[in-house]
Amino acid sequence: QQPSSSFPVVQTHHAHALAILRSAGCTANVIEAGAQAKLVRKVLAARPGGPPPKDQMREATRRALTLIARAKGSGVLPPNGSAEHALLYAYSAALRAANAIDFDDMVLVATEALRRGLCTRRPPAHLLLDEAQDTSASQLQLLELLAPPGQVTHRPTLRRPLPSTLPAPCPPPVSAS
């Protein structure tokens with residue numbers, strides 16, 4: 001049942017990003033955290049040097065997931081030729097082969113779809129940014145494109161202060177170079 005138009009629509013930025021992607025014609029599947037970890041383990045196992053020892057796979061997977069999220073969220077990619085760059089490239093290739101995107105890609109691709117005008121979405125009347133200190137540069141770019149100026153409320157957690165500077169903008173998703 002559709003909500004009454006007199007009530008505001010409440011969505012997470014991920015839900016809003018997914019609606020933008022579908023509106024723009026993107027049909028890729030969004031993989032959940034468990035499937036993402038499984039894909040990373042597969043990529044780690046296929047590396048030229050072979051997989052990490054079985055007792056180190058959990059930690060290697062955690063480190064790889066952190067690397068992927070930081071690179072996509074900040075736009076700071078590992079240097080070309082590094083093992084980290086190769087891992088990120090292999091992971092991106094595995095996603096493409098599976099016609100899938102992860103949550104970080106979902107935000108990046110939705111931002112690009114809005115920038116290019118590939119979808120028409122009614123902008124929200126207001127955005128509440130909860131846990132603002134955990135917001136990546138790519139997420140912030142999406143929110144800035146969605147909301148009219150001055151219509152984003154930052155709500156930091158009381159235990160941690162809001163950063164005094166915002167992250168730098170990020171480039172589009174990882175390319176083949």
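Computed over heavy atoms, backbone and side chain alike; hydrogens, waters and symmetry mates excluded.
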Side-chain donor-acceptor pairs of residues 52-68 under 3.5 Å, sequence neighbours excluded:
| unit_1 | atom_1 | unit_2 | atom_2 | d |
| --- | --- | --- | --- | --- |
| Glu59 | OE1 | Arg62 | NE | 3.1 |
| Glu59 | OE2 | Arg62 | NE | 3.3 |
| Glu59 | OE2 | Arg62 | NH2 | 2.4 |
| Thr61 | OG1 | Met57 | O | 2.8 |
| Thr66 | OG1 | Arg62 | O | 3.0 |

Side-chain atoms of residues 32-43: list all donor-acceptor pairs with protein atoms under 3.5 Å, sequence neighbours left out, distances to 0.1 Å.
| unit_1 | atom_1 | unit_2 | atom_2 | d |
| --- | --- | --- | --- | --- |
| Gln36 | NE2 | Tyr91 | OH | 2.9 |
| Gln36 | NE2 | Asp102 | OD2 | 3.4 |

- Query: Within a strict 4.5 Å, meaning less than it, do heavy atoms of the Ile20 and Leu118 side chains meet?
  - Reply: no
- Return each pair, listed once, that meets ring-ring contact (aromatic ring centres under 6.0 Å, His included) where at least one residue sits in residues 93-114; pairs must be two or more places apart or across chains. His14-Phe103
- Closest non-hydrogen atoms of Ala69 and Asp104, given as atom of the first, atom of the second and distance, are CA-OD2, 3.6 Å
- Query: Mind checking whether Leu108 and Ser138 have side chains closer than 4.5 Å, heavy atoms only?
  - Reply: yes
- Query: Picking from Asn29, Ile31, Leu95, Leu21, what satisfies side-chain contact (heavy atoms from CB on, under 4.5 Å) with Ile101?
  - Reply: Leu21
- Query: Atom CE of Met106 and atom CG of Leu142: how far apart are they, to the nearest 0.5 Å?
  - Reply: 9.5 Å
- Message: Restricting to non-hydrogen atoms, name the atom on His85 and the atom on Pro78 that form the minimum distance, rounded to 0.1 Å.
- Response: CD2-O, 3.4 Å
- Message: Walk me through whether Asp105 and Lys72 qualify under side-chain contact (heavy atoms from CB on, under 4.5 Å).
- Response: CA-CA 7 Å; Asp105 285 337; Lys72 291 181 179 185; 3.0 Å; yes
